[in-house]
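Written below as structure tokens is the structure these notes are about.
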Amino acid sequence: PCALTGSPPQALVDDTEDVSLDFGSEEELALRKARIRHPLATFFHLFFRVSAIVTYLFCDWFSNSFVACFVTILLLLSFDFWSVKNVTGRLLVGLRWWNQIDEDGKSHWVFEAKRVPSIAASTEAEARIFWLGLIICPVIWTLFLFSTLFSLKLKWLALVIAGISLQAANLYGYIHCKLGGQKTTSRVTSRLFGTADVPQRQSRRISQDGTEEHGKTVPR
């Protein structure tokens with residue numbers, strides 16, 4: 001038999017070269033597209049607000065007591081406001097807002113958003129559920145306001161206004177976190193918290209845990 005001599009073809013040499021593969025980005029993308037990574041937070045993000053709406057619609061079927069219905073719905077709205085503001089926004093979309101008082105007694109509205117995505121970031125499904133629930137429910141309470149006025153059921157007016165106020169406050173707080181303190185949202189925040197025509201000082205700072213904070217100082 002004849003022995004083959006000579007250098008290997010260039011194509012074979014090219015096939016043996018090292019190729020760098022970015023498995024990290026693929027893994028992160030797969031986690032981002034996972035369905036639900038925080039099922040408990042996702043459940044309670046919708047549970048309290050949907051329960052308040054359902055109780056408002058069908059409370060007459062369960063109880064003839066207006067006071068019992070009023071208190072139950074108000075408690076559900078309060079639980080929803082607290083859980084969305086302090087828990088679900090941070091877990092599902094990486095956003096958070098709150099108010100703090102400094103040593104001079106001045107009130108600061110702080111809007112925080114994660115700047116660097118991580119493996120523990122929320123998924124697309126969770127973000128979609130968060131924003132849909134945050135936007136649709138205040139719209140429903142606004143419809144309840146018109147229906148209450150047109151049907152002259154004024155005893156429910158205070159409750160409906162409370163529902164709109166609590167859920168609109170969370171909605172606007174997270175919109176401000178998402179947009180990063182634009183001028184238009186700053187004016188709406190002033191009207192929302194009763195600080196219109198008050199001189200405001202904008203400040204921005206980066207916290208140590210990789211989050212961006214937009215602080216607003218409001219004199220008391």
Interatomic distance, CG@L74 vs SG@C69, rounded to 0.5 Å, equals 12.5 Å
About how many Å separate CD1 of I175 and NZ of K178, when rounded to the nearest 0.5 Å?
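It is 11.0 Å, given to the nearest 0.5 Å.
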List in chain and number order the residues that pass side-chain hydrogen bond (donor to acceptor under 3.5 Å, both in side chains) with N86, two or more places apart in sequence or in another chain; answer none if no residue qualifies.
none
Return the set of residues passing side-chain hydrogen bond (donor to acceptor under 3.5 Å, both in side chains) with T148 (not counting sequence neighbours), or none when no residue passes.
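For T148 the side-chain hydrogen bond (donor to acceptor under 3.5 Å, both in side chains) partners, ignoring immediate neighbours, are Y56.
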Compare all side-chain heavy atoms of [X] with those of [Y] and state whether any distance is below 4.5 angstrom.
X    : Y    : answer
K106 : I101 : no
V110 : Q100 : yes
L95  : E112 : no
W109 : H176 : no
S147 : W156 : no
P39  : I36  : yes
V87  : F44  : no
F144 : I164 : no

How far apart are the C-alpha atoms of H38 and L92, what are their side-chain angles, what is the distance that settles it, and do they pass the side chain to side chain contact (heavy atoms under 4.5 Å, CB included) test?
CA-CA 7 Å; H38 303 91; L92 300 184; 4.0 Å; yes
Proximity of Y174 and F111 rings by center, below 6.0 Å:
no
Let me check something: do [X] and [Y] share a hydrophobic cluster, defined by ILVMFWY side-chain heavy atoms less than 4.5 Å apart, either directly or through other members?
X    : Y    : result
I129 : I135 : yes
V50  : L143 : no
L152 : L145 : no
L159 : W61  : yes
F66  : V54  : yes

Keeping to residues at least two apart or across chains, list the ring pair (Phe, Tyr, Trp, His ring centres under 6.0 Å) pairs with something in residues 74-95.
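Every ring pair (Phe, Tyr, Trp, His ring centres under 6.0 Å) pair that includes a residue of residues 74-95, provided the two are not neighbours, is F48-F79.
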D104 atom CG: more than 12 heavy-atom contacts under 6.0 Å:
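Yes.
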Pairs flagged by side chain to side chain donor-acceptor pair (under 3.5 Å) wherever residues 127-143 is involved - sequence neighbours left out:
none
Please identify each residue that fulfils side-chain contact (heavy atoms from CB on, under 4.5 Å) with T55, with sequence neighbours left out.
C59, T72, I73, L76
What verdict does the side chain to side chain donor-acceptor pair (under 3.5 Å) test give for N99 and H108, after you've listed the backbone C-alpha separation in whole Å, the side-chain angles of each residue and the deciding distance to 0.1 Å?
CA-CA 5 Å; N99 177 267; H108 298 262; over 6 Å; no
Residue pairs, two or more places apart or on separate chains, that pass salt bridge (charged side-chain N to carboxylate O under 4.0 Å, His left out) and touch residues 42-52:
R49-D80
